[in-house]
Amino acid sequence: MDGKAISESYLDSESLGNTDIDFPHQVEESRWFCMGDNRESSIDSRSAAIGDISKEQIEGKVLFSVWPLNKIGIVK
């Protein structure tokens, strides 16, 4: 969103998982790029079959975060 790279020091190596889209990837206005919690096997926005999703396709909401540990708690 802000164009800054995310530091993921908890990863052993970069993982694109199951992807068939081209990177870098630009997400259109009013769309969301969603990734599953298992990068190696999740079928998510990295697959052209799913792609970027609309607000109407979002069925859940994050209420509580457990990672990173220094930010554990309720998500506002």
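Quantities reported herein were computed from a predicted structural model and do not represent experimental measurements.
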- Task: Walk me through it: do Ser54 and Arg31 pass the test side-chain contact (heavy atoms from CB on, under 4.5 Å)?
- Result: CA-CA 5 Å; Ser54 67; Arg31 305 286 287 181; 3.3 Å; yes
Salt bridge (charged side-chain N to carboxylate O under 4.0 Å, His left out) filter on Glu56, not counting sequence neighbours, yields none
To the nearest 0.5 Å, atom CD of Glu8 lies from atom CD1 of Ile6 at 6.0 Å
Separation between OG (Ser45) and CE (Met35), nearest 0.5 Å, reads 9.0 Å
Shared hydrophobic cluster for Val66 and Ile74 (ILVMFWY, side-chain gaps under 4.5 Å): yes
With the side chain counted from C-beta on, respond yes when [X] and [Y] share a heavy-atom pair under 4.5 Å apart, and no when they do not.
X: Lys71; Y: Ser65; answer: no
X: Val62; Y: Phe64; answer: no
X: Ile43; Y: Ile50; answer: yes
X: Asp20; Y: Ser47; answer: yes
X: Ile53; Y: Ile58; answer: yes

Heavy-atom nearest pair, Asp52 first then Gln26, reads OD2-O, 4.2 Å
So ring-ring contact (aromatic ring centres under 6.0 Å, His included) across residues 26-48, not counting sequence neighbours, yields His25-Phe33
Residues pairing under ring-ring contact (aromatic ring centres under 6.0 Å, His included) where one sits in residues 43-63, two or more places apart or in two chains, turn out to be none
